[in-house]
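A, B, ... follow the sequence lines: proteins, then strands. Residue 1 opens every chain. Computed from heavy atoms alone, side chains included, the values below leave out hydrogens, waters and symmetry copies.
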Amino acid sequence: MKTYDFKSIEKKWQDKWDEEKTFAAKQDFSLPKYYCLVEFPYPSGNGLHVGHLRTYTGLDVVARKRRLEGYNVLYPMGWDAFGLPTENYAIKNKIHPRAVTERNIALFKRQLKSIGFSFDWGREVDTTDPDYYKWTQWIFLRLFEKGLAYKKEMAVNWCTSCKCVLANEEVISGGCERCGSEVVRRVKSQWMLKITAYAQRLIDDLDEVDYIERVKFQQKNWIGRSTGAEVDFHTTAGGDIRVYTTRPDTLFGATYMVISPEHALIDTWADRLTNLDEIKAYQEESARKSDFERTELSKEKTGVELKGVRAVNPVNGNEIPIFISDYVLVSYGTGAIMAVPGHDTRDWEFAKKFGLPIIEVVQGGDIEREAFTDCETGVMANSGFLNDLSVEDAKVKITGWLTETGKGESKVNFKLRDWVFSRQRYWGEPIPIVICPHCGFVPVPESELPLKLPEVESYEPTDNGESPLAKLDDWVNVKCPCCGADAKRETDTMPQWAGSSWYFLRYCDPDNGGAVASREALEYWTEVDWYNGGMEHTTLHLLYSRFWHKFLYDIGVVPTKEPYAKRTSQGMILGENGEKMSKSRGNVVNPDDIVDENGADTVRLYEMFIGDFEKAVLWNSASIRGCRRFLDRTWALQELGFSNQKGIRPEMEGDIHRTIKKVSQDIESLKGNTAIAALMTLLNMFYDSGSVTKEELRIFLLLLNPFAPHVTEEMWQTLNFGSGISGQRWPSWDEEKCREDTVEIVAQINGKVRAKLTVPADIAEADAVAMAKEEPKIAEMLRGKTVLKELYVKGRLVNIVVK
RNA sequence: GCUGGUGUGGCGGAAUUGGCAGACGCCCGGGACUUAAAAUCCCGUGAGGGCAACCUCGUACCGGUUCGACCCCGGUCACCAGCACCA
């Protein structure tokens, strides 16, 4: 058997698809639509990764199947091209980032086309194109207008290597998400987006979308909603300290308070504090620590008592000491806590170290040994009017009491922080704001958008934390659009996540000069029906774009509350040695090489066959051969000889229909591995039977087409099966025909298989049991035994229980 | 530490969710074709025992429920991922 010439065949069809725009989404909005989306890549100089292929192939299979099912499919591709690697490469090699970007896009595009993806290339978007980022800036101005974009001086995450601030979502275990370098705190004035205003809706609306569970779980976890109460504690200095607690029921157990070292009250009390030097020293020490050091769990608790001021527990009037400690974060709740050492591990550790009283207010634990925290079902003690109540009832009662007495109120808190949105780098969208000494922050007028990135000689980041744009006096100095006075431009740029927060909208109407996209196009195409992308974007891009989309919904730009109806996620492809693919490990597989060696269809097939789509898999170059052989054998069906019979041979009917069903259903759950296995099994049947009919082959090619589009198109043409396979209809199955007339069931004695027998599928229980008993082997084993029970499971087994 | 997930042959992985464990493929062994090799085709392939038909064991480990458990329950271990002093 000869192998087929994949090189010429694949080239031929790719050129034809390009020329004829076979996969362009139609402008006819009366057709049923389907919007398939994959995360657009960052076009790095390394080119495409086999991991990209996995996600793009997965949804390419879905998109191709949908077209065959008669949908008007939008499956677009574009470039998330702003970003640091390009900028760093440009600096190092003294090339403009624009030139680097264009080169990398060309590389990616060539590679993507060589795989035969059915992208609609007429709708390509590029986040660095001024015609595109005009609208990124436009959305920013709408956010600013609504008070959701604001500039604030605050302690932010600073990557020491990128020389740039990071959002909370970009800090992974104290390191930079991109480069892994140390992240330190630095006080800077930053643009922020008020994503916290959407925290509750970002949680609630997860109920309305079809995302895989772990994505929903991780987003909820990240947003971190908790319910509790805020309580005011009077102080001997006159003012109050407000704390947030999720356990107001334990108020009687609060034996001291802790406020964060950055808490504003400390300065106001300076006159009264008798150990101010000690306090100042502690504050400075905390400020010096990196986030990582501060949050290290294993370390011992530290802190300093604020001598000279005491707080009063509102529920019993007891005077209690106040401490500062860095285990209380200024950024969460009110930056102050009531400490209940009996029922909180951190408070317990702190109390033990500083010799503070520990009171049991929920019965059942041993607070001498450890904090009793797992006490939600306990009963209250030492708690005045809460005594003998369940924890649940105590929460209700104390919250009521706090509200009535004006000493507090119930309160919901989130872990989610506002999104730090400015970056001190060159290769990003300029923030379209002018800073005027009289008018403050003034938006650049819409007519002046896009505010283009100025050409510069050097893009080096600065050590003083300023954007490289700050050096361009001509660009920076402008007249205030409002009052005409001398003013300056904002010189920070937007983070990489800006352009990707709305790109899926642009695909709907990519050339629109007057809007993000036309209302008509958005009404038709959105929501995205199926979005696939990486788990690493769950609390970054995916969360950010949901936030922007909800905002755009609120101001009437988009017609849907949520951007994506369905979200799935592919597992990572690891190197052959089980490690993450990377240049330094030397285990990177280059798509160009394997496509050149095996052909695109084989590689596509392998990427789908390699294992569970959602799980991480190891690349195995030897296994590709199996997929290659399968396609060779498919090609060779043309030489097998056709059966004279018309239609499907009766003996093949059941298998054909079952295969249609299996492949159709498996594609819907991205189970390419079992779909392909079913096709392999069917092919083996054709060979075992020594022939195939044209109708059988026609169906087989259609089922295989989404996985291996080139070879199936070629065979379709060679065999004269009519106009191109891409214009055909997906085969349907007949449930009746999937059923088998006779089935093989097993006969068991005490649950162990002892014989197999073939019976009619609809056999009655009594008959099946009787047949089983007639089997010589079963009869033999039954001799001299007492039958206790006889069981029959339809189409499966007979089990005889004996003693 | 908390939360979620995973654990099946030499390997990647199947198994209609309580009903024949190991589909499909890779690797490997044997054979055919060939001067030879590659490719291809055929046969075998969880472990142990038996000439055989067959028998025993086997889904990380220990125990339980059940006529019957990879699947359900209790406990243990290992690995992966997310969060990580969030009061």
Side-chain angles (χ1 to χ4, degrees), chain A residues 1-3 172-174 213-215 217-222 224-226 228 243-247 250 254 258 260 294-299 301 325-329 331-340 343-347 349-350 373 413-417 535-536 538-539 571-572 576 605-606 609-612 614-627 629-630 632-633 636 662 665 671 673-684 687 744-756 777 788-802:
Chain A
M1 189 177 83
K2 59 175 189 283
T3 67
I172 312 291
S173 306
E213 276 310 310
R214 54 196 175 127
V215 169
F217 177 83
Q218 271 183 37
Q219 287 207 345
K220 279 183 191 163
N221 206 53
W222 182 261
R225 183 182 199 270
S226 70
V243 302
Y244 172 70
T245 176
T246 55
R247 295 298 306 275
T250 61
V258 186
S260 79
R294 265 185 80 153
T295 57
E296 226 176 344
L297 253 178
S298 53
K299 73 165 190 196
K301 296 274 176 289
S325 173
D326 61 7
Y327 85 85
V328 174
L329 309 173
S331 50
Y332 184 78
T334 60
I337 62 160
M338 64 179 209
V340 185
H343 304 279
D344 181 284
T345 313
R346 297 151 302 182
D347 297 345
E349 281 169 20
F350 192 89
T373 55
N413 253 319
F414 297 94
K415 287 195 221 174
L416 186 71
R417 294 293 117 79
M535 280 309 289
E536 71 275 17
T538 301
T539 53
M572 222 195 315
E576 303 220 24
L605 208 58
Y606 175 67
F609 189 62
I610 191 167
D612 189 325
E614 306 225 313
K615 283 195 201 135
V617 285
L618 307 195
W619 187 265
N620 183 333
S621 49
S623 292
I624 300 174
R625 213 164 306 167
C627 294
R629 279 184 197 139
F630 170 63
D632 281 340
R633 278 160 64 82
K662 178 84 181 145
Q665 292 180 341
K671 289 191 185 300
N673 51 344
T674 47
I676 293 164
L679 289 168
M680 287 173 165
T681 306
L682 186 60
L683 181 73
N684 290 341
Y687 275 98
E744 191 179 65
I745 65 170
V746 296
Q748 298 180 333
I749 302 280
N750 293 342
K752 281 194 190 283
V753 180
R754 296 300 175 184
K756 294 181 182 180
K777 206 169 152 207
L788 298 179
K789 208 169 176 182
E790 289 165 347
L791 294 115
Y792 172 65
V793 180
K794 194 166 183 298
R796 301 254 173 243
L797 57 82
V798 170
N799 186 16
I800 301 170
V801 185
V802 300

Q: In sequence, state the C-alpha distance, the side-chain angles, and the governing distance for A/M680 and A/F609, and then conclude on side chain to side chain contact (heavy atoms under 4.5 Å, CB included).
A: CA-CA 11 Å; A/M680 287 173 165; A/F609 189 62; 4.0 Å; yes
Please tell me which of the listed nucleotides, [options], lies nearest to the side chain of [X]?
{"X": "A/A622", "options": "B/rA87, B/rC27, B/rG25", "answer": "B/rC27"}
{"X": "A/L329", "options": "B/rA14, B/rA87, B/rG25", "answer": "B/rA87"}
{"X": "A/W222", "options": "B/rC67, B/rA81, B/rC83", "answer": "B/rC83"}
{"X": "A/Q218", "options": "B/rC83, B/rG82, B/rG12", "answer": "B/rG82"}
{"X": "A/E744", "options": "B/rG68, B/rC20, B/rC26", "answer": "B/rC20"}
{"X": "A/R629", "options": "B/rC20, B/rC26, B/rA87", "answer": "B/rC26"}

Q | Consecutive-pair stems (3 or more, Watson-Crick or G-U, under 3.5 Å) for RNA chain B | A |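 RNA chain B stems, ordered by first number: B:1-7 with B:77-83, B:10-12 with B:24-26, B:28-32 with B:40-44, B:46-49 with B:54-57, B:60-64 with B:72-76.
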(Q) Check for me whether A/K301 meets the cation-pi criterion with A/F350, that is, NZ or CZ under 6.0 Å from the six-membered ring centre and within 45 degrees of the ring axis. (A) no
Q) Mapping A/T539 and A/R625 onto RNA chain B by nearest heavy atom, which one lands closer to the 5' end? A)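 Counting from the 5' end, the first nearest nucleotide belongs to A/R625.
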Q. Toward the 5' end of RNA chain B, which comes first, A/N620 or A/G224, by nearest nucleotide?
A. A/N620
Q. Judged by modelled atom types alone, do A/N620 and A/Y606 share a side-chain donor-acceptor pair under 3.5 Å?
A. no
(Q) What is the distance, to the nearest angstrom, from the CD atom on A/Q748 to the P atom on B/rG19? (A) 11 Å
Q: Please report, rounded to the nearest Å, how far the C1' atom of B/rC85 is from the CE atom of A/M338.
A: 17 Å
Q | Distance in Å, A/N684 CG paired with A/L679 CG, rounded so as to fall on 0.5 Å steps | A | 11.0 Å
(Q) Given the structure, check if the side chain of A/K756 and the base of B/rC20 hold any donor-acceptor pair shorter than 3.5 Å. (A) yes
Q: Kindly indicate whether the side chain of A/T538, heavy atoms from C-beta on, has any atom under 4.5 Å from the side chain of A/F217.
A: no
Q.
Quick one, A/V802 with A/N750, criterion side chain to side chain contact (heavy atoms under 4.5 Å, CB included). Give me CA distance, side-chain angles, the key distance, then yes/no.
A. CA-CA 7 Å; A/V802 300; A/N750 293 342; 3.8 Å; yes
